[in-house]
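Accompanying notes for the structure given below.
Letters A, B, ... are given to chains in the order of the sequence lines, protein chains preceding strands, and every chain is numbered from 1. The structure presented is a predicted model; accordingly, all values stated were derived computationally and were not measured.
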Number of protein chains: 2
Amino acid sequence: MIRRPTILDVAARAGVSKSTVSLVLQGSKQVRPETRAAVEQAMAEIGYVYNRAAANLRSASVGLVGLVINDLRNPFFTEFATSLQMALAAEGYATVIANSDEDAELQAKLVGSMIEHGVSALVISPAYGGPGETFDQLARTGLPVMQVLRKMDERTDLFPFASFDYASGSTMAARHLMEQGARNIAFVGGLPGRAITRERKSGWRDTLKAEGLAEVAIHGKSSRAFGMQAAGELLSDHPEVDAAICFNDLVALGLMAGFARAGRPIGAEFRVVGFDDIEEAQQAWPPLSSVACDIAGFARDTAARLLAWMVEGQRPAPELRSPVQLVPRMSSTGIPE
Amino acid sequence: MIRRPTILDVAARAGVSKSTVSLVLQGSKQVRPETRAAVEQAMAEIGYVYNRAAANLRSASVGLVGLVINDLRNPFFTEFATSLQMALAAEGYATVIANSDEDAELQAKLVGSMIEHGVSALVISPAYGGPGETFDQLARTGLPVMQVLRKMDERTDLFPFASFDYASGSTMAARHLMEQGARNIAFVGGLPGRAITRERKSGWRDTLKAEGLAEVAIHGKSSRAFGMQAAGELLSDHPEVDAAICFNDLVALGLMAGFARAGRPIGAEFRVVGFDDIEEAQQAWPPLSSVACDIAGFARDTAARLLAWMVEGQRPAPELRSPVQLVPRMSSTGIPE
DNA sequence: CTTAGCTATTGGATCGTTCCAATTCCAGTG
DNA sequence: CACTGGAATTGGAACGATCCAATAGCTAAG
């Protein structure tokens, strides 16, 4: 295979110096329009492709942002990842998306690989567990790093954290269910002890406590399969429960599928609210009420904050909470749309 | 911010030359164990991080593979992307995942950006339309490029293509539905004219033709929303239809939701088969029959083929088809599991 | 006609690695 | 003790861009 052409080849062909070609590449307005045109034509003719590695070697910044996600298969995270990528692309930054698959070791490798590739910032929704030293090391690089949607369980204060105001969402969901007439509201899903589980439960717990109601909570993985399993558990062990707030929409959808399987309708008899308001929520039957997190907007905000940090050195506040919104649908109101 | 340490700093600290440090980095067994240890300690002490950009500048290969996906939000593609990433990670390659969001222009930009970043190979599930010259240019780079799951609509023969044997899957689905007693089988979803739509329809069409049955096809976007809409259309305009093969599981799930909304049960009265067998298919209610594509296995095969190409220069066959399998579930058999 | 003051262009040094040929080291041999 | 040969180590060139200070080209003023 032949050598890829360099700016020297372009320069020779266009009859200018390499420096001029470099200026053209950088879009400097120093160069005369005719010269620029000649250079551009030469580039097109010999099929020149920019070598970013070489450029970065000399001039620090790479215009590359790393994104490490604990579970890219979860549509909520997929949506975040793609939205962030687009927001950053609009500003001329490329994004490297990687999936740690909840594997802390893999996560450490991915982060390392990204740093080696010279990312100028990192956004991470961390996997739990694993050596916290990964993060110490990361902090020592001085790179802008934001943890989003999930706080790491060690060294939580190393990097600014941005997420949603889940606690209010939880309160809204509980109040809404009680207004609809529900009395025994269970909480389903979420691994116990995790910060995010605590947050998403807190409003529910406070509301129930204020009313002196019993608290039924079934914890587990945040998957559709678990929701289905929990449905069985609720139906057999807690027949008095007449509503559920689910850790996320996947659990809620699984729960609804479980009820459907048992021939029990969702809506007026048993009310369900989820978290995240993924696209599927409104297309399920019955449509699923959910605490909506404007994830695309959140991704844009994250991009803006990250850019402010990278470009102007403006480190964001240590903790940021974006507002959430309850979207009532048939699964909690019983009213078809 | 202070300068990142280089191998020169490491060398100074360890009391060796930069060349020795470089050898250690490359894991050469030329260096004496004691020397290696000293170098490694020095690296740890001053917090050295490898600069891949500089390394790549000198020695072509980057160990970076680009992956461009037309719709990363589709769980099928998400699964493929994450599986491919893991398969490549196991071989020491990093993967850059990008989502073109069916935007050919964005796709061109992403491909360009990846080449600039020096990927040593590219896997692409192309968006439709857009300037075919992007691909000509890509072909001219001589990089190993594989198109997967979808053929680009121009210059289809530029790069090897790997996908599933959808035509057989379609035949299996049609035969299965007829064995279950269905007579009027509709095809729902898929944009008309697209190669993949043709493939997924072909077996259905042939089977119906052989039996002299009428063909009802409703084409449209491959989304849950479209499936829901199509359900209404089927119920009002084609009451004789008693089964449907859907372009993919998302459409099928939308269709089932639409039927549920109308109070029409899925299973014995109306049978549905989807394509892709996404995780949700078995967790939906009723569980969705689907033509299963072992996407994780496919991703592994793709990784292996790509590596053979990259490392040994072994270009894969121009067209590869992985086998598919029909997974009958309640949505087509009517039998609860 | 010279020259100041621009603008447009240029050559050389530089970034942090790898590669290569050359050198040093050292134990073993005659 | 000189010499040999292999292992371990080394210095310098190279990769392809950017950056900077210097220079060439040009216009308008003196």
Side-chain angles (χ1 to χ4, degrees), chain A residues 1-40 42-43 46-64 112-113 115-120 141, chain B residues 1-40 42-43 46-64 112-113 115-120 141:
Chain A
M1 194 163 46
I2 50 164
R3 196 174 54 83
R4 254 162 66 155
T6 76
I7 53 167
L8 281 162
D9 302 312
V10 176
R13 173 127 198 159
V16 297
S17 79
K18 63 180 170 47
S19 305
T20 305
V21 178
S22 178
L23 287 173
V24 169
L25 283 172
Q26 291 166 83
S28 159
K29 52 189 173 50
Q30 280 277 70
V31 293
R32 227 169 18 152
E34 304 97 86
T35 314
R36 169 184 307 279
V39 169
E40 276 165 354
M43 294 200 293
I46 64 178
Y48 168 77
V49 285
Y50 188 63
N51 183 334
R52 216 171 264 271
N56 296 335
L57 183 53
R58 183 78 177 100
S59 66
S61 115
V62 196
L64 190 68
S113 157
I115 294 176
E116 284 182 8
H117 277 103
V119 294
S120 21
T141 64
Chain B
M1 193 163 49
I2 50 165
R3 196 175 54 82
R4 255 162 65 153
T6 76
I7 53 168
L8 281 162
D9 302 312
V10 176
R13 173 127 197 160
V16 297
S17 79
K18 62 179 172 46
S19 303
T20 305
V21 178
S22 177
L23 287 173
V24 170
L25 282 171
Q26 291 166 83
S28 159
K29 53 189 173 48
Q30 280 278 70
V31 292
R32 233 175 9 164
E34 304 97 86
T35 314
R36 171 186 305 280
V39 169
E40 274 165 356
M43 293 200 295
I46 63 178
Y48 168 77
V49 285
Y50 187 63
N51 183 334
R52 216 172 264 271
N56 296 336
L57 183 54
R58 185 75 178 106
S59 66
S61 115
V62 196
L64 190 67
S113 158
I115 295 175
E116 284 181 8
H117 278 103
V119 294
S120 21
T141 65

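- One interatomic measurement links the two molecules: CG of A:Leu8 to P of D:dA17, which rounds to 8 Å at whole-angstrom precision.
- The shortest distance between the side-chain N/O atoms of A:Thr20 and the OP1/OP2 oxygens of C:dT9 is not below 4.0 Å.
- If you check every strand for non-hydrogen atoms under 4.0 Å, A:Val21 touches nothing.
- Rounding to whole angstrom units, CZ of residue B:Arg52 and C1' of C:dG16 are separated by 14 Å.
- Candidate nucleotides C:dA8, C:dT17, D:dT18 were compared by shortest atom distance to the side chain of A:Gln30, and C:dA8 ranks first.
- Atom P of nucleotide D:dG16 and atom CG of A:Leu25 are separated by 14 Å, given to the nearest angstrom.
- Straight-line distance from the CG atom of A:Leu57 to the P atom of D:dT18: 11 Å, rounded to whole Å.
- Atom-to-atom, CG of B:Asn56 to P of D:dG16 comes out at 12 Å; the value is rounded to the nearest Å.
- Between the C1' atom of D:dG16 and the CG atom of B:Asn51 lies a distance of 14 Å, rounded to the nearest Å.
- The CG atom of A:Leu23 lies 12.0 Å from the NZ atom of A:Lys29; values are rounded to the nearest 0.5 Å.
- Rounded to whole Å, atom C1' of C:dT18 lies 9 Å from atom CG of B:Leu23.
- Closest approach of B:Thr6 and B:Asp9 over heavy atoms only: N-OD2, 2.8 Å.
- Relative to the side chain of A:Thr6, the nucleotides C:dG11, D:dT10, D:dG16 differ in distance, and D:dG16 lies closest.
- For the pair B:Lys29 and A:Ile7, both in contact range of DNA chain D, the more 5′-proximal nearest nucleotide belongs to B:Lys29.
- Taking atom CD of residue A:Glu34 and atom P of nucleotide C:dA8, one finds them 10 Å apart after rounding to whole Å.
- Across all non-hydrogen atoms, the minimal contact from A:Pro5 to A:Tyr48 is O-CD1, 3.4 Å.
- Phosphate proximity of D:dT9 to B:Ser19: absent, as no side-chain N or O sits under 4.0 Å from OP1 or OP2.
- Formation of a donor-acceptor pair under 3.5 Å by the A:Arg52 side chain with backbone atoms of B:Ser113 is not found in this model.
- In this structure, A:Ser22 does not reach the D:dA17 phosphate: none of its side-chain N or O atoms is under 4.0 Å from OP1 or OP2.
- The base of C:dT18 is paired with the side chain of B:Arg58 by a donor and an acceptor separated by under 3.5 Å.
- Scanning all heavy atoms of the two residues, the minimum distance from A:His117 to A:Leu64 falls at O-CD2, 4.0 Å.
- Set against C:dT9, C:dT17, C:dG11, the side chain of A:Lys18 has C:dG11 as its closest nucleotide.
- Taking side-chain N and O atoms only, B:Arg4 has no distance below 4.0 Å to OP1 or OP2 of C:dG16.
- Applying the 4.0 Å criterion to OP1 and OP2 of C:dC19, one finds that B:Gln26 has a side-chain N or O inside that range.
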